[in-house]
Chemist: 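The structure is given below, and queries will be raised subsequently.
Lettering follows sequence order; numbering is per chain, from 1.
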Amino acid sequence: MLIILNSHLILAERGRQILKYGVPIQAPLVSYNKNHSLHYDQAKKIPSWVAEHLTAWNLKGGAERQKCNFRSDASLPEMFRSKNEDYRGSGWSRGHMAPAADHKLDQAAMNETFLLTNILPQDISNNSGFWNRFELFCRDLTKKYEDVRIISGHLMMPNGKEDVTVSIGGEKKTITQKFIKYPVIGESEVAVPTHLFKVIVADESSKGPSSLGAFIVPNEPISREHKLTEYQVPLEEIEKRSGFELLPALDKSKTKDLCSDDGCQLMSFEKFELYFIGRRIKGATTMNRLEKAWEELKIKKLTPDKDLTTAYNEKKKELSQQ
DNA sequence: CGGTGCGGCAGT
DNA sequence: ACTGCCGCACCG
């Protein structure tokens with residue numbers, strides 16, 4: 001034991017000589033914000049993982065996303081920052097990892113989610129469609145579970161194969177290699193992830209087993225017929241691919257499967273569309289916009305409920321009087 | 001809810 | 001002349 005300790009000390013001393021000019025660091029390791037915490041990948045200029053804690057109570061509040069701005073995180077050295085200009089005209093949208101709507105409780109906390117350290121290049125259809133419904137689903141879990149903890153982040157997964165010629169022992173051979181290929185955007189060369197992940201730990205009460213769910217979603221449009229459960233994976237797969245042990249203090253032997261427990265049903269696409277077109281009808285300020293929204297319902301073959309139909313008729317009356 | 005782009009208007 | 005901000009219209 002003493003010998004092992006001694007040798008370790010000798011190694012540590014040698015290490016100090018080798019690293020005379022300092023240990024290479026990636027700072028800050030973890031950024032603590034008011035209502036979310038994250039690890040930022042300074043080379044790729046996107047978050048590695050972003051953690052949140054949702055409860056029914058802390059989802060309520062009056063913070064508005066209209067008062068927020070996407071902006072560079074000035075707490076980072078300039079060379080590690082991404083900028084709005086990197087995203088502009090790139091074809092990729094600025095996707096929140098900690099979503100704004102999870103931070104209604106406090107305007108400053110919501111503002112912090114617009115720091116580009118919480119943002120990555122995301123396919124816009126994925127962002128406003130499937131991923132949006134996924135986020136709604138996460139908030140909905142607080143109706144069943146007291147505490148919902150979420151870690152969201154990115155993965156780079158192999159997405160191609162190529163035959164390459166290599167020389168092994170002086171002999172040339174052709175073998176097939178896998179590749180991970182991803183675009184980089186803007187002057188800062190912000191990495192576009194191939195996949196996004198979410199890990200959910202939901203606790204019904206402070207006692208009892210946690211429900212655990214892990215998901216990997218490709219960063220591309222996902223058509224409406226796809227179900228969330230198609231993207232469920234073992235937690236270890238995300239840990240293996242991300243290089244992070246994501247829940248080191250959780251006793252995995254005592255967890256339940258979230259989707260066996262809950263079903264993991266996303267809101268149907270029809271209900272989802274109806275919800276937002278309904279908001280446009282109820283909030284219409286001009287006759288043109290009202291009729292346009294109403295027309296959209298017909299085009300998309302959505303059937304409004306009684307409440308929406310009366311809201312439309314009253315709005316029509318109100319606007320025609322002006 | 002999640003985003004985009006444009007036009008006007010101020011401040012350097 | 002460039003930049004940031006804000007309101008507005010638009011889309012899924």
Chemist: What is the distance from CG of A/Asn111 to P of C/dC6, rounded to the nearest Å?
Modeler: 10 Å
Chemist: Report yes if the distance between the aromatic ring centroids of A/Phe272 and A/Phe269 is under 6.0 Å, otherwise no.
Modeler: yes
Chemist: Rounding to an integer number of Å, can you tell me how far A/Lys292 NZ sits from C/dG12 P?
Modeler: 11 Å
Chemist: Taking only the side-chain heavy atoms of A/Arg280 (C-beta and beyond), determine which of B/dG2, C/dG12, B/dC1 contains the nearest atom.
Modeler: C/dG12
Chemist: Quick check on DNA chain C: between A/Thr286 and A/Phe276, whose nearest nucleotide comes earlier from the 5' end?
Modeler: A/Thr286
Chemist: If each of A/Arg65 and A/Ser90 is mapped to the nucleotide of DNA chain B with the nearest heavy atom, which maps nearer the 5' terminus, i.e. the 5' end?
Modeler: A/Arg65
Chemist: Students often get this wrong, so: under 4.0 angstrom with heavy atoms, is A/Arg71 touching a base, only sugar-phosphate, or nothing?
Modeler: nothing
Chemist: Pick the nucleotide of DNA chain C nearest each of A/Asn69 and A/Arg289; which residue has the one closer to the 5' end?
Modeler: A/Asn69
Chemist: Parallel, tilted or perpendicular: which describes the rings of A/Phe134 and A/Phe137, with under 30° parallel and over 60° perpendicular?
Modeler: tilted
Chemist: Whole Å only: how far is the CD atom of A/Glu135 from the C1' atom of B/dG3?
Modeler: 12 Å
Chemist: Round to a whole Å and report the spacing from CG of A/Leu120 to P of B/dG2.
Modeler: 15 Å
Chemist: Indicate whether OP1 or OP2 belonging to B/dC1 is found under 4.0 Å from a side-chain N or O atom of A/His96.
Modeler: no
Chemist: Does a side-chain N or O of A/Asn127 approach OP1 or OP2 of B/dG2 to a distance below 4.0 Å, or not?
Modeler: no
Chemist: Check every strand shown and say whether A/Gln122 touches a base, only sugar-phosphate, or nothing at a heavy-atom separation below 4.0 Å.
Modeler: nothing
Chemist: List the steps, then state whether salt bridge (charged side-chain N to carboxylate O under 4.0 Å, His left out) holds for A/Glu273 with A/Arg133.
Modeler: CA-CA 10 Å; A/Glu273 278 189 312; A/Arg133 284 192 292 149; over 6 Å; no
Chemist: Just to be sure I understand the rule, does A/Arg133 reach a base, reach only the sugar-phosphate, or reach nothing, if contact means heavy atoms closer than 4.0 Å?
Modeler: nothing
Chemist: Within the side chain of A/Thr165, is there an N or O that forms a donor-acceptor pair under 3.5 Å with the backbone of A/Thr174?
Modeler: no
Chemist: Which angle, to the nearest 10 degrees, lies between the helix axes at the two ends of the helix from B/dC1-C/dG12 to B/dT12-C/dA1, each defined by five pairs?
Modeler: 0°
Chemist: Regarding A/Lys104, tell me which of base, sugar-phosphate or nothing describes its non-hydrogen contacts under 4.0 Å with the strands shown.
Modeler: sugar-phosphate
Chemist: Measure CG/A/Leu54 against P/B/dC1 and give the value in whole Å, please.
Modeler: 15 Å
Chemist: Rounded off to whole Å, could you give me the CZ-to-C1' distance for the A/Phe114 and B/dT4 pair?
Modeler: 13 Å
Chemist: Under 6.0 Å between the ring centres of A/His195 and A/His154?
Modeler: no
Chemist: The side chain of A/Ala100 lies closest to which of these nucleotides: B/dG2, C/dC10, B/dC1?
Modeler: B/dG2
Chemist: Considering only NZ, NE, NH1 and NH2 on the basic side and carboxylate oxygens on the acidic side, decide whether A/Lys45 and A/Glu189 come within less than 4.0 Å.
Modeler: no
Chemist: Looking only at the side chain of A/Arg279 (C-beta and beyond, no hydrogens), which of the listed nucleotides C/dG12, B/dC1, C/dC5 gets closest?
Modeler: B/dC1
Chemist: By nearest atom, which of the nucleotides B/dT4, B/dG2, B/dG5 is closest to the A/Phe70 side chain?
Modeler: B/dT4
Chemist: For residues A/Phe70 and A/His96, establish whether the separation of their ring centroids is below 6.0 Å.
Modeler: yes
Chemist: Can you tell me the distance, in whole Å, between the CG atom of A/Leu266 and the C1' atom of B/dC1?
Modeler: 14 Å
Chemist: Assign A/Ser125 to base, sugar-phosphate, or nothing according to its heavy-atom contacts below 4.0 angstrom with the strands shown.
Modeler: nothing
Chemist: Check the distance between C/dC5's C1' and A/Asn84's CG and give it to me in whole angstrom.
Modeler: 12 Å
Chemist: May I ask you to decide if A/Ala12's main-chain N or O and A/Arg14's side chain share a donor-acceptor pair within less than 3.5 Å?
Modeler: no
